[in-house]
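One structure below.
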Amino acid sequence: MTQFAQNGTSAFEDRTGRVPGVPEEPAQDAHGRAVRPKPPPSYVLRVIKGPDMGKSLVLDWSRTAKAVVGHAPSCELRITDARVARRHLSLSPEENCNALRLVDGRSSEGTRVGGIRVVEALLEGGETIELGGTTLRLMRAGELQAGAVEGDRFGRVLGQSNAMRKLFTACEALSVSMLPVILEGETGTGKDALAEAIHDASTRAWGPLVFFDCAAHDETTEIEALFGSPQGAGALERAVGGTLVIDEIGQLGGEAQRRLTASLERGEIWRAGENVPVRADVRVIATTRSDLDLLVTARAFREELLFRLAGARIQVPPLRQRHGDVELLARHFWRTSGGEGELPKHFLIRLARHDWPGNVHELEHAISRATTLGQDDNLEFHLGERTRPIDFIEYLITQGLPMRRARQLLIREFEKRFVDRAVRDHNGNVSRAAMASGMTRRYFHMIMAKDRR
């Protein structure tokens, strides 16, 4: 039986796979010419949902024969999700490294690949892996930078309209540069997914992708969360070697703006309360639904920071301006949310006529409600129309659902509409919307996060 060392090679072999003292005959093609062996593909495993979103692991089989995912400190990819087992699953290269073998570690929550629970599976890259409340995506690292735009998609972002094709072309060009980027657009247009796609198509794809939500912090917490403290690294430092996506940059506080400007100018990060800087090798992508130029005029945003961030400014079009994309997206969401058969044509017509103030996120929720509540001849309720709220209640009653389930759907729909209206009424300012609604900002964000799932 072959013995294996910790680096994944035979105990009798060196790292190149050769046995010392035994001459190796080079491989030859049909013409007798030496053929250089093709290097095995490397993979990147990234957390795309859960408390560790943005964390990634490069699966380098020259260093280890197996990569374990779980919350134990010894795991190669450590997940803090409480529903994830200590050693939840393992990944190892299959023969010739053309595939990976996933083995579930007898976890109580189980492991799902593409929504199907598995005990063992062969993966080739591109799959989503669900464990507990965390979702991972497996990608072939060698394919991240080549051919980023594939037909009607750029990464996870779908679109076949002229507006989106122009957007994809611009983003693909920006992916190969190190320019900071500002993605501007309405709520729900997919700015975060676009930022992720730019990162994945860049030379930094192997580095970390870290998201920092300005709306989730106030001026007393955002400094340490962004820049770190003696107790630990902040988002900026965790993104070293990769990309930092700053969500809703327009809501960043004044002192944090000043510090961020200095970090970008000098290429250094100063943790709060410390005097020794860390090199800030970070690409920054900022997203906003606010008019930054207007905020600069109102002296609510630093002009020099805008100059530092605006290596390129990309306007993400709202769904109502993306002619032909509603049907493409609706069919995609119908399949991914478990819809049976084809999406009804009369529902597609209704979808195409809707103005979608919540953009792609609102469309996704509408399709999700349709697959959850089932189909009938009157699917208006799934569009989330606010003019006839009583009809949604009547619809739930007619479905014969258990009362507990019907109550959950009704409360979720009410919370979604209430939060959406509050955010619109306050021009996208989440803090003011939460205060006016009599809720803490944390609870307000919990409702928004629940609605995105």
Side-chain angles (χ1 to χ4, degrees), residues 53 182-192 195 211-227 234-235 244-261 272 284-306 309-310 313 315-316 318-320 355-362 364-365 384-387 389 411-453:
M53 189 174 76
I182 299 178
L183 300 176
E184 302 173 282
E186 297 177 6
T187 300
T189 49
K191 297 185 291 294
D192 283 355
F211 286 83
F212 180 81
D213 185 0
C214 298
H217 302 276
D218 55 32
E219 294 196 16
T220 61
T221 63
E222 64 185 3
I223 298 295
E224 290 191 2
L226 182 56
F227 299 96
L244 173 66
V245 180
I246 305 180
D247 284 326
E248 292 308 322
I249 187 70
Q251 297 189 35
L252 194 64
E255 176 60 17
Q257 290 183 35
R258 185 191 66 78
R259 282 174 169 261
L260 182 58
T261 303
V284 176
I285 300 178
T287 73
T288 183
R289 57 191 168 198
S290 305
D291 186 333
L292 293 180
D293 298 300
L294 188 61
L295 291 178
V296 168
T297 302
R299 303 195 178 212
F301 196 81
R302 297 177 73 94
E303 187 174 31
E304 58 268 39
L305 178 55
L306 179 58
L309 294 172
R313 296 177 72 169
Q315 190 70 38
V316 185
L319 188 53
R320 61 183 175 276
D355 62 358
W356 301 110
N359 294 293
V360 178
H361 288 174
E362 184 184 0
E364 183 177 8
H365 296 324
E385 295 184 357
R386 299 168 176 81
T387 54
I411 293 174
R412 183 169 181 173
E413 182 69 11
F414 167 76
E415 289 178 340
K416 174 193 180 302
R417 297 184 188 187
F418 189 96
V419 166
D420 285 352
R421 173 62 63 85
V423 171
R424 286 202 315 275
D425 289 347
H426 291 82
N427 299 317
N429 190 309
V430 177
S431 298
R432 293 176 184 171
M435 185 178 299
S437 302
M439 290 185 276
T440 64
R441 188 159 68 170
R442 181 176 180 180
Y443 183 63
F444 200 87
H445 275 286
M446 284 176 59
I447 295 176
M448 294 177 69
K450 181 170 61 177
D451 184 47
R452 292 191 186 108
R453 291 197 290 266

Give a yes or no answer on whether the side chain of [X] reaches the backbone of [Y] with a donor-acceptor pair at less than 3.5 Å.
| X | Y | answer |
| --- | --- | --- |
| T221 | H217 | no |
| E222 | G253 | yes |
| Q257 | L252 | yes |
| K191 | G185 | yes |
| D213 | A215 | yes |

Kindly compute the distance separating [atom1] ([X]) from [atom2] ([Y]), expressed to the nearest 0.5 Å.
| X | Y | atom1 | atom2 | answer |
| --- | --- | --- | --- | --- |
| L305 | L295 | CG | CG | 11.5 Å |
| L183 | R313 | CG | CZ | 11.5 Å |
| E184 | D293 | CD | CG | 7.0 Å |
| I249 | C214 | CD1 | SG | 4.5 Å |
| F211 | I285 | CZ | CD1 | 8.5 Å |
| L244 | L226 | CG | CG | 6.5 Å |

Problem - R302, CZ atom: more than 12 neighbouring heavy atoms under 6.0 Å - result: yes
What is the minimum heavy-atom distance between [X] and [Y], and which atoms define it?
| X | Y | result |
| --- | --- | --- |
| L292 | G250 | CD2-CA, 4.0 Å |
| I182 | T288 | CG2-CG2, 4.2 Å |
| R320 | D355 | CB-O, 3.8 Å |
| F227 | L260 | CZ-N, 3.4 Å |
| L309 | F301 | CD1-CZ, 4.3 Å |
| E186 | P318 | OE1-CB, 3.7 Å |

Exercise for the section: Taking the side chain as every heavy atom from C-beta outward, state whether H361 and D420 have any atom pair closer than 4.5 Å. Expected result: no
